[in-house]
Asker: 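Structure provided below as structure tokens; questions to follow.
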Amino acid sequence: MNGVSISPLMVAEPISGYNIGTMTEERWVEVLVDNPGVATDDSAQPPVPGIRAEEEKLYTYRVPDGLEVKAGDILSVPFASQILGGVAIRLLRQPPTNVAVNRIRDIEDVVAKEFFRDSYWKLMERVSEYYFTPLIKVIRTALPPGLLGRSQSRIRLKPENIPNGAEVFLDSAAREILQILKTQQNGDYSIKFLRPKVRGFNRGKKQLLQRGWIESYLELPRHSRPKTKPAVTLLEDGSYLELTKRQQEILKVLRDNRGDLWLSELMEICKTTLPTLKTLQQKGCIAIQDREILRKEQSPDIAADRAKTLTPDQTQALETIVSLNGFATVLLHGVTGSGKTEVYLQAIDPIIQQGKSALVLVPEIGLTPQLTDRFRARFGSKVDVYHSALSQGERYDTWRQMLVKEPQIIIGTRSAVFAPLPNLGLIILDEEHDSSFKQDSPIPTYHARKVATWRAELENCPLVLGSATPSLESWIDSNSQLPHSVETRLIASLPNRVNSRPLPPVEVVDMRQELQQGNRSIFSRKLQAALQELEERQQQGILFIHRRGHSTFVSCRSCGFVMECPNCDVSLTYHYHEGEEAQLLQCHYCNYTQIQPKSCPECGSPYLKFFGSGTQRVEQELAKQFPNLTSIRFDSDTTRHKGAHRDLLTKFVNGEANLLIGTQMLTKGLDIPQVTLVGVIAADGLLHLSDYRASERAFQTLTQVAGRCGRGDDPGKVIIQTYTPEHPVIEAVEKHDYESFIQVELEQREALNYPPYGRLILLRLSSVDAIEVQNAAQIIAVSLSSGEGYEILGPAPATILRVANRFRWQILLKFEPNVLPKMPDWEQVRQICPSSVSMTIDVDPLNMM
DNA sequence: AGCACGCCGACT
DNA sequence: GTCGGCGTGCTC
């Protein structure tokens, strides 16, 4: 049996030094409540470590007899008419003076025992400060979902109290409520759902309550709880007691299994029933107790694997990392296929030996199956994954498991940077240039790389940033004049691939010439020849296209009308569904879907034309021109369900298809040795995006996708198709020349004060009312002049003004480098912003659309 | 979530 | 002058 006992979770020191009193003494606790309202405060609070009193309001509660509360516990507290989650901040021996004692309420429950250590609290506070986010919201993102529970109030129909035909005497609101309630079997709905559906809801509800036709009740928060299973333990040998033969047999089975079995296992082996075992329990021979079990993502069994021999470059990089004692960051710049993962594995090994834990952060879950398998092969059950695709139970259990002091390795995405590992010895952030480490919404709009840097500093451990195409931020740390800057920064390089394999040659094809010479296919003659060769040799390849779907827009040949999304200012993408009669048009911003019309809705012409190509189109064209080549489509349409990534990749690795056709998703860390061809169908979609980061992103994506080939014994080849072969990004990718590309790019950024030189803060404003946002943006822009050290760009409408029926405006603050700025008065800005307009402050924005 | 409070427009 | 709608702030 493999029960895991998670005993004292206590890894933390109390946040404050207050001792709790005895059971008879009255005890109070100050709580940071997860209150949906804005956390602004006027009254002065006593200073509490870890809490900025001027911004976060604390509420005092009484601790009832029979409950033990410590600082750092997650609590359930009554708040007005609801039950909310909260964090115990500090204990008081005396009641507070600023609030009447008779108004103080009792704590409802302790949900989780304390776990916040000093350094963890400091991390929370630093994130809160840097990203202008209330502390409780930072805590909310750091904790597994469902831990800070919230009650829900609901109403329920009481049909037995409703006389026939009496509805006529009610007003319209009450009648509407009744009507909705009756649509459901048990007439039960949440207030949250009903209120926006009925005008004058409060009035109507009051009427119905007075007559007793409905009742209201509070649904208590459903917290994640440990899953338990009954287990049987042998207590007494039992030989001196008078036992039946049957009972003795059962005890023998238990004894043979080291005196411990799951109840279900024991009943199965002995073919016995629960009453029989209960009798044994009464005689004091055995104990039946619930024991915690861990819900974990099931992974296939993996053959164990030993450390590989390193190249001299790898050895040097490894030495740089393992020689570090305490905080430092190492940028591991290794070309694609240079064996960064092996360096990670060998860097983690001594950390585990020392009894410490390691945190490995990866961009997206798409690439984790391969990486996770390699870690499991090396470290076995010490490896756990943590990401948002886990079920709530799995996430909660893994999170609790992390609190145990045993050395472990956690592999996770962005949010795992908050993994509460008590003795962290190393943080690795792989593919550090990847933009999925940045959260766009909700606040805090944190970048896991930045948070990881702070975390490493606070835990006093090294941080390794790995990439073949490092971000400009990591390449030069320009922020040294800002607080929390990196003090020790090292670079380790892996300039060559393992086993002396060369980087694949990159050929650029000018698609303008193809067209001139009469080739109207989406495949150039060079790519066609390469595909032909692939077919003859039965090899495998990858085709990359930057969009999913079939065609990027559908337009009428007669009148030029373009099919557009009714909710967003974008054209609809055509999606082809094989075997279906009707084909669909889909919006990639709000997911609006409609059937492809047979004729133009504007002029009625039946001649509709599809422009631009996506993954589906490539798939179709391939099937048409190369019927003998088989393919797998790998994009967010085909990898949506759980385990789909792994399934599709396994099929490909097993040689069940010649080609993998996909989007960005397949640029990320895929390591399949037999790939000998990479084709980029159209690089132009990547090159001409309108923000200051477009070149950097295009270079990274193209280099990464090119790096997927030639990793095995057969040499590889990359073909990039484009209409602008003279573009500097294309030239740099062709020459595999990261350093000169980055030099040019850095010079341009410096000239314009863009990151990594000047910092940016983006204010995003949106509303259903087009005029209201625009006005709000104007007023806010004016109020932003209260600060100093930055330039205000805008307000300007967002690149796509309307998404999901909301109009979006933005204001960009560009900070001068080398000047400590005076921030605008955000509190004032928030007050100026009307409630109908939603505003988010995006610090260090990556996505400017 | 739900109540108190306060502002403003429609009616006695 | 008063009633009742709804927008805003507060809850230990």
Side-chain angles (χ1 to χ4, degrees), chain A residues 26-46 48 51 53 55-64 67 69 71 73-110 134-136 148-156 171-174 176-177 188-210 214-222 767-769 772 776 827 830-838:
Chain A
E26 280 203 293
R27 303 162 300 167
W28 293 269
V29 59
E30 286 182 317
V31 181
L32 181 61
V33 181
D34 184 23
N35 165 2
V38 207
T40 42
D41 189 20
D42 42 323
S43 70
Q45 292 278 341
V48 178
I51 293 284
E55 282 182 39
E56 316 281 348
K57 182 159 179 169
L58 300 179
Y59 292 88
T60 312
Y61 287 84
R62 211 176 64 86
V63 182
L67 273 189
V69 172
D73 287 359
I74 301 285
L75 307 173
S76 238
V77 293
F79 192 81
S81 54
Q82 326 169 65
I83 307 285
L84 297 179
V87 183
I89 297 301
R90 71 167 177 181
L91 295 143
L92 304 173
R93 277 176 298 187
Q94 253 135 54
T97 50
N98 58 343
V99 54
V101 182
N102 59 6
R103 287 180 59 207
I104 297 180
R105 303 222 253 165
D106 279 8
I107 280 170
E108 175 81 14
D109 202 3
V110 179
L135 188 60
I136 189 69
L148 287 170
R150 182 170 299 185
S151 66
Q152 207 189 33
S153 62
R154 308 177 64 89
I155 53 173
R156 183 194 291 145
D171 83 16
S172 65
E176 268 181 69
I177 296 171
D188 187 318
Y189 276 101
S190 77
I191 304 281
K192 203 179 168 183
F193 174 84
L194 288 170
R195 192 189 301 282
K197 293 205 160 32
V198 180
R199 269 186 75 80
F201 174 80
N202 281 345
R203 183 166 27 89
K205 193 190 85 175
K206 206 181 234 170
Q207 261 183 39
L208 293 170
L209 276 173
Q210 270 169 4
I214 59 167
E215 62 180 350
S216 74
Y217 69 101
L218 204 63
E219 193 188 63
L220 293 177
R222 292 182 313 242
S767 168
V768 286
D769 186 318
E772 230 170 343
E827 233 19 85
R830 272 191 239 265
Q831 272 170 29
I832 289 171
C833 185
S835 56
S836 60
V837 176
S838 87

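Every chain is numbered from 1 and lettered A, B, ... according to where its sequence line falls, protein lines coming before strand lines.
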Asker: In whole angstroms, how far is the C1' atom of dG5(C) from the NZ atom of K206(A)?
Answerer: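 About 13 Å, once rounded to whole Å.
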Asker: Side chain of S153(A) only, please: which of dA1(B), dG5(C), dT11(C) is the nearest?
Answerer: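 My answer, after comparing the listed nucleotides, is dA1(B).
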Asker: Side chain of Y59(A), heavy atoms from C-beta onward: which of dT11(C), dA1(B), dT8(C) has the nearest atom to it?
Answerer: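 Comparing dT11(C), dA1(B), dT8(C) against the side chain of Y59(A), the answer is dT11(C).
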Asker: Which part of the nucleic acid, if any, lies within contact of S151(A), taking any heavy atom under 4.0 Å across all strands shown: a base, the sugar-phosphate backbone alone, or nothing?
Answerer: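 S151(A): no heavy atom of the nucleic acid under 4.0 Å.
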Asker: At 4.0 Å (heavy atoms only), tell me whether Y61(A) reaches a base, stays on the sugar-phosphate, or touches nothing.
Answerer: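 Touches sugar-phosphate only.
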Asker: Among dA1(B), dT11(C), dT8(C), find the nucleotide with the atom closest to the side chain of K57(A).
Answerer: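 Out of dA1(B), dT11(C), dT8(C), the nucleotide with an atom closest to K57(A)'s side chain is dT11(C).
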Asker: Give the rounded distance in Å between these two atoms: CD of E772(A) and P of dG7(C).
Answerer: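 Between P of dG7(C) and CD of E772(A): 12 Å.
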Asker: Are any non-hydrogen side-chain atoms of K205(A) and I155(A) less than 4.5 angstrom apart?
Answerer: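 Contact flag for K205(A)/I155(A) side chains = yes.
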Asker: Classify T60(A) by what it touches in the nucleic acid, base, sugar-phosphate, or nothing, heavy-atom distance under 4.0 Å.
Answerer: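 Base contact.
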Asker: Would you say dT11(C) has OP1 or OP2 under 4.0 Å from some side-chain N or O of S81(A)?
Answerer: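 Answer is no, no contact under 4.0 Å.
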Asker: Between Q82(A) (CD) and dC3(B) (C1'), how many Å, whole number?
Answerer: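 Answer to the nearest Å: 12 Å.
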Asker: Contact class for K205(A) (heavy atom, under 4.0 Å): base, sugar-phosphate, or nothing?
Answerer: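 Sugar-phosphate, backbone atoms only, no base.
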Asker: Answer yes or no: is there a donor N or O on one side and an acceptor on the other, between the side chain of Y61(A) and the main chain of P78(A), under 3.5 Å?
Answerer: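 Confirmed, Y61(A) side chain pairs with P78(A) backbone.
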Asker: Could you tell me the separation between the NZ atom of K192(A) and the C1' atom of dG2(B), rounded to a whole number of Å?
Answerer: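 Interatomic distance, NZ of K192(A) to C1' of dG2(B): 15 Å.
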Asker: Side chains of V77(A) and Y59(A), heavy atoms from C-beta outward: is any pair under 4.5 Å?
Answerer: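 SC-SC contact between V77(A) and Y59(A) ruled out.
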Asker: Looking at the side chain of V99(A), which of dG5(C), dC12(C), dG2(B) is the nearest nucleotide?
Answerer: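 In terms of side-chain proximity for V99(A), the closest of dG5(C), dC12(C), dG2(B) is dC12(C).
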Asker: How many whole angstroms separate atom CZ of R154(A) from atom P of dG2(B)?
Answerer: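 Nearest whole value for this atom pair: 13 Å.
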Asker: Just how far, in rounded Å, is P of dC3(B) from CZ of F79(A)?
Answerer: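 About 15 Å, once rounded to whole Å.
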Asker: Check the distance between dC6(C)'s P and R203(A)'s CZ and give it to me in whole angstrom.
Answerer: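 Rounded to the whole Å, the gap is 7 Å.
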Asker: Nearest 0.5 Å, what's the CG-CZ distance between L194(A) and R154(A)?
Answerer: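 Reported to 0.5 Å precision, the distance equals 9.0 Å.
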Asker: Would you say the side-chain atoms of R27(A) pair up with the backbone N or O of P64(A), donor to acceptor, closer than 3.5 Å?
Answerer: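 Confirmed, R27(A) side chain pairs with P64(A) backbone.
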Asker: Would you mind reading off the distance between L194(A) atom CG and dA1(B) atom C1', rounded to a whole angstrom?
Answerer: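 In whole Å, dA1(B) C1' lies 13 Å from L194(A) CG.
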Asker: For dC12(C), take OP1 and OP2 only and decide whether either is under 4.0 Å from a side-chain N or O of R105(A).
Answerer: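 For R105(A), the contact criterion (side-chain N or O under 4.0 Å from OP1 or OP2 of dC12(C)) is met.
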